Amino acid sequence: MNKWITTIMMAFVIMGSLQAQDEDISFSRAEKIESFRVAFFTQKLNLTTKEAEKFWPVYNAFLDEQESLRKTRRALQLQAQSAVMGDDNSQLEKLSDDFIHLKGKEAEIAEKYHTQFKTVLPIRKVLLLYKTETEFKKEILEEIRRRQMEKKIQEGRPGIRQK
């Protein structure tokens, strides 16, 4: 119970730091999000210390591989934008094949890490992990939208109704 309360308190502190208006130079936005992720996942998955020690290195490696694929996808998208305007069908075919290959790589990574997650967490927590990932993304998106709305209101942009 004490660990649960500590985790929730830590999440509130991190959320408070995410909501701070002035940026702390020594603590970047990415670091704030990562700190929030750790607190959020630890609390939602109810990770024990032992589980956390095993889980975080595996999960971080998973995120690194996903980020690598995202960078590759972005590069392909830029190439595709240029190629679509041209007449080189062989280049278009290669790019479309590359996109499909990338989707296969995403599935391979998901399978690989699913197997690893099952070795470091009980199966209930593995399933809860997938739900927690969705909830985390939703929380981050809601925070971004809230900040954008606040910024628009502060700037007094037309078309924004103030309540």
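Here the structure is a predicted model, which means the values were calculated and not measured.
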Taking salt bridge (Lys or Arg N to Asp or Glu O under 4.0 Å) as the test, write out the residues that go with Glu93, two or more places apart.
none

Who pairs with Leu129 by side-chain contact (heavy atoms from CB on, under 4.5 Å), at least two apart in sequence or on another chain?
Phe41, Leu45, Phe55, Tyr59, Phe117, Glu133

Working to the nearest 0.5 Å, report the span between CD1 of Ile109 and CG of Leu63.
11.0 Å

Gln148: which residues meet the side chain to side chain donor-acceptor pair (under 3.5 Å) condition with it, sequence neighbours left out?
none

How long is the gap from CZ on Phe99 to CD on Gln79, to the nearest 0.5 Å?
8.5 Å

Path from Ile123 to Val58 over hydrophobic side-chain contacts below 4.5 Å
yes

Same apolar cluster: Phe40 and Ile144, side chain cutoff 4.5 Å:
yes

Identify whether the distance between the nearest side-chain nitrogen and carboxylate oxygen of Glu53 and Lys50 falls below 4.0 Å.
no

Partner set under ring pair (Phe, Tyr, Trp, His ring centres under 6.0 Å) for His114, not counting sequence neighbours
Tyr130

Go through Thr134 and Lys137 one step at a time and tell me if the side chain to side chain contact (heavy atoms under 4.5 Å, CB included) criterion holds.
CA-CA 5 Å; Thr134 302; Lys137 289 173 188 171; 6.0 Å; no

Only counting residues at least two apart or in another chain, list the ones meeting side chain to side chain donor-acceptor pair (under 3.5 Å) with Gln116.
none

Please list all pairs meeting salt bridge (charged side-chain N to carboxylate O under 4.0 Å, His left out) that have one or both residues in residues 109-126, counting only residues at least two apart or in different chains.
Glu51-Lys125, Glu65-Lys112

Find the distance between CG (Leu102) and CD (Gln77) and round it off to the nearest 0.5 Å.
9.0 Å

Do the side chains of Glu139 and Arg146 get close enough for a salt bridge, i.e. N-O under 4.0 angstrom?
no

Rounding to 0.5 Å, atoms NE2 (His101) and CG (Leu95) come to a distance of 13.5 Å

Salt bridge flag under 4.0 Å for residues Glu142 and Arg145
no

Checking side chain to side chain contact (heavy atoms under 4.5 Å, CB included) for the pair Tyr113/Val126: CA distance, chi angles, key distance, verdict?
CA-CA 10 Å; Tyr113 283 97; Val126 172; over 6 Å; no

Over all atoms of both residues, closest heavy-atom pair of Pro57 and Ala52
CD-O, 4.2 Å

Joint cluster assignment, Leu76 & Leu78, ILVMFWY side-chain distance < 4.5 Å
no

What's the separation between atom OG1 in Thr119 and atom NZ in Lys54, rounded to the nearest 0.5 Å?
8.5 Å

Quick one: does any side-chain atom of Ser68 pair with a main-chain N or O of Asp64 as donor and acceptor, under 3.5 Å?
no

Which value, rounded to the nearest 0.5 Å, describes the distance between Thr72 atom OG1 and Arg74 atom CZ?
9.5 Å

Side chains of Ile140 and Glu143: closer than 4.5 Å at any heavy-atom pair?
no

Should Lys138 and Glu135 count as an ion pair when the cut-off is N to O under 4.0 Å?
no

